[in-house]
Colleague: 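Here it is: the structure, laid out below.
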There are 2 protein chains.
Amino acid sequence: MTQSKSPSERRAHLVRLAGDLFAEKGFRATTVREIADAAGILSGSLYHHFDSKESIGDEILSAFLEDVLAGYREAVRDTPDPRTAIEQIVRSSTANLSRHRAALTMLQNDWNYFSGQPRFAYLRTTMKEIEQTWIELLERGKQTGQFRADLDTRLTYRLLRDILWLPTSWRSSATWSTDQIIDGLLRLLFDGIRA
Amino acid sequence: MTQSKSPSERRAHLVRLAGDLFAEKGFRATTVREIADAAGILSGSLYHHFDSKESIGDEILSAFLEDVLAGYREAVRDTPDPRTAIEQIVRSSTANLSRHRAALTMLQNDWNYFSGQPRFAYLRTTMKEIEQTWIELLERGKQTGQFRADLDTRLTYRLLRDILWLPTSWRSSATWSTDQIIDGLLRLLFDGIRA
DNA sequence: TGGTACCAAGCAAGCGTTCGGTCAAGGGCG
DNA sequence: CGCCCTTGACCGAACGCTTGCTTGGTACCA
């Protein structure tokens, strides 16, 4: 089972273990002793690989946000059609969110903790770019007549962005497949629930 | 300013102060010393009024859930029409949520902490009843032809319930009025964003 | 022999909570 | 009226425990 470990790949393994715990309990609520337990070592030994608990969180969050930003940029680059771009953003975001469940829980539970620290200033920066992308897409959609003209873009953006990473925090995601969730989300988003 | 305090009304005042902190930082992240500071007393003195920090949380959560349940029951009692009932639920929930902002933050941030304890078993009970109400309304709406027949009721319920208490956690709610949010929410919900 | 990976032990700070004591307000009583 | 004695609200200090993190040492592999 415990096959030979590569040089610095062991570090990535520890990050993954920590991420699993962060995804379930959040960052602050997870102790370094729990992370060490999951790895089968003592808590002090973690500090051979990381200089702080925050560093682990940093690694998880920055990796996530990089992927998310890449998805957004790719979507607006690939197509001029707002509706298609939004659909692609929803798909790439959903994929990223399920690959980085820990990051989402951390952003939701410990946003106050992270966003205050200078080290995590990139959190706000990235959010700004995401917001800008959404607003431009929604505005363009209104101009082309695809979206309702009475749409409050900023309000709609806030709703959509948050709605988008709601399902990821559902623990019993075994109930629905990713495709099911995406389809339900897109239909609700574009058409509402009315017949 | 500090007018004479009534007998046990001082206790309610402390609960309100604690609630303001819980609404901003969550339950676990708020310390009893911070609560005491806000009240201008020492942390130990809090235990003259409450037997534990959890008791304060209990008071806030149960009061909130009582109001929410009352709103749901009233909505389904007042009208047989699913669409009208849902609209009324959205309005009553929004009102309750803005009156009990602390409870929502606690449910979102510290759900794991509370839901595990027997003392807070009523959390799960209430959620069950809310879920049941939504599902029955959505099913009835499908049968009457008001809602799309291909709606996955359970998935839609999950989305709607969570979407409903999203805007409350937005700190800068000064940007939009409550009515604006409700309108945007209802339009998105029933009609989607498409023209 | 030198470096990597870990252990064993412990530190300071912070947590929720407890406890003995103080002190002003106020009702009963002579 | 003047005295006593209860009571509620709070202080000051500490308790036991958990937190993230540090330190000194050691086994092992190249």
Side-chain angles (χ1 to χ4, degrees), chain A residues 1-19 21-22 24-61 102 106 109-110 112-114 116-117 119-120, chain B residues 1-19 21-22 24-61 102 106 109-110 112-114 116-117 119-120:
Chain A
M1 288 299 125
T2 55
Q3 62 196 80
S4 62
K5 307 92 194 253
S6 51
S8 75
E9 194 179 315
R10 183 131 192 95
R11 179 191 165 100
H13 178 60
L14 289 172
V15 174
R16 243 173 284 132
L17 287 179
L21 293 169
F22 294 159
E24 276 171 31
K25 315 181 48 180
F27 180 79
R28 300 190 68 176
T30 303
T31 71
V32 292
R33 273 169 252 263
E34 286 172 322
I35 301 172
D37 278 357
I41 61 178
L42 290 192
S43 73
S45 308
L46 275 180
Y47 289 81
H48 177 71
H49 305 274
F50 310 95
D51 59 336
S52 72
K53 184 189 174 188
E54 271 178 23
S55 294
I56 309 181
D58 198 344
E59 227 155 289
I60 293 177
L61 285 178
M106 292 162 69
N109 279 266
D110 311 292
N112 284 336
Y113 175 77
F114 288 122
Q117 300 178 237
R119 172 175 194 170
F120 293 94
Chain B
M1 289 300 124
T2 55
Q3 62 197 82
S4 60
K5 307 93 195 245
S6 50
S8 74
E9 193 180 315
R10 184 128 191 96
R11 178 191 166 100
H13 177 60
L14 289 173
V15 174
R16 244 173 284 132
L17 286 179
L21 292 169
F22 294 160
E24 275 170 33
K25 316 181 47 179
F27 181 79
R28 301 189 66 177
T30 303
T31 72
V32 293
R33 274 168 254 263
E34 286 172 322
I35 301 172
D37 279 356
I41 61 177
L42 288 193
S43 70
S45 307
L46 276 179
Y47 289 81
H48 177 70
H49 306 273
F50 309 95
D51 59 336
S52 71
K53 184 188 175 189
E54 271 177 23
S55 295
I56 309 181
D58 198 343
E59 227 156 289
I60 293 177
L61 285 178
M106 292 163 70
N109 278 267
D110 311 292
N112 284 336
Y113 175 76
F114 289 121
Q117 300 178 238
R119 172 175 195 172
F120 293 94

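Chain letters run A, B, ... following the sequence lines, proteins first and then strands; every chain starts at 1.
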Colleague: Using whole Å, report how far CD of A/Glu54 lies from C1' of D/dT19.
Modeller: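 Distance check: A/Glu54 CD to D/dT19 C1' gives 14 Å.
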Colleague: Tell me the interatomic distance from B/Asp37, atom CG, to D/dC10, atom C1', rounded to whole angstroms.
Modeller: 14 Å
Colleague: Which nucleotide, D/dG20, C/dT17, D/dC11, lies nearest any side-chain atom of B/Ser52?
Modeller: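 Looking only at heavy atoms from C-beta outward on B/Ser52, the closest nucleotide is C/dT17.
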Colleague: Grab the CG-C1' distance between B/Leu14 and D/dG8 for me, whole Å please.
Modeller: 13 Å
Colleague: Look at the side-chain N and O atoms of A/Arg11 and state whether any lies under 4.0 Å from the OP1 or OP2 oxygen of C/dA5.
Modeller: no
Colleague: Look at the side chain of A/Val32 and decide which nucleotide, out of C/dT17, C/dC7, D/dG20, has an atom nearest to it.
Modeller: D/dG20
Colleague: Could you tell me whether the side chain of A/Lys25 and the main chain of B/Asn112 form a donor-acceptor pair under 3.5 Å?
Modeller: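 Checking the backbone N and O of B/Asn112 against the side chain of A/Lys25, no donor-acceptor pair under 3.5 Å is found.
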Colleague: Round to a whole Å and report the spacing from NE2 of B/His13 to C1' of D/dA9.
Modeller: 14 Å
Colleague: In this structure, how many angstroms lie between the C1' atom of C/dT17 and the NE2 atom of B/His49, rounded?
Modeller: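 Going from B/His49 (NE2) to C/dT17 (C1'), I get 15 Å.
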Colleague: For the pair made of CG in B/Asp110 and C1' in C/dC15, what is the distance, rounded to whole Å?
Modeller: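 It works out to 15 Å between those atoms.
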Colleague: From the options A/Glu59, A/His49, A/His48, select the one residue that forms a side chain to side chain donor-acceptor pair (under 3.5 Å) with A/Arg11.
Modeller: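 Only one option passes, and that is A/Glu59.
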Colleague: With no hydrogens and no angle check, is any side-chain donor or acceptor of A/Lys53 less than 3.5 Å from a backbone partner on A/Thr31?
Modeller: no
Colleague: Please pick, from C/dA5, D/dC21, C/dA8, the nucleotide with the shortest atom-to-atom distance to any side-chain atom of A/His48.
Modeller: C/dA5
Colleague: Give a yes/no on whether any side-chain N or O of B/Ser45 is located under 4.0 angstrom from OP1 or OP2 of D/dA9.
Modeller: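 Answer no for this pair, as no side-chain N or O of B/Ser45 is under 4.0 Å from OP1 or OP2.
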Colleague: I need the CG-P distance between A/Leu42 and D/dT26, as an integer number of Å.
Modeller: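 Between P of D/dT26 and CG of A/Leu42: 16 Å.
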Colleague: Report yes if the side chains of A/Ile41 and A/Leu46 come closer than 4.5 Å at any heavy-atom pair, otherwise no.
Modeller: yes
Colleague: Would you say B/Tyr47 reaches C/dT18's phosphate, i.e. side-chain N/O to OP1/OP2 under 4.0 Å?
Modeller: no
Colleague: Checking the side chain of B/Asn109 only, and the main-chain atoms of B/Gly26 only, is there a donor and an acceptor separated by less than 3.5 Å?
Modeller: no
Colleague: Between P on D/dG12 and CG on B/Leu46, what's the gap in Å once rounded to a whole number?
Modeller: 15 Å
Colleague: Got a donor-acceptor pair under 3.5 Å from the side chain of B/Arg33 to the base of C/dG16?
Modeller: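 Side chain to base: pair found, below 3.5 Å.
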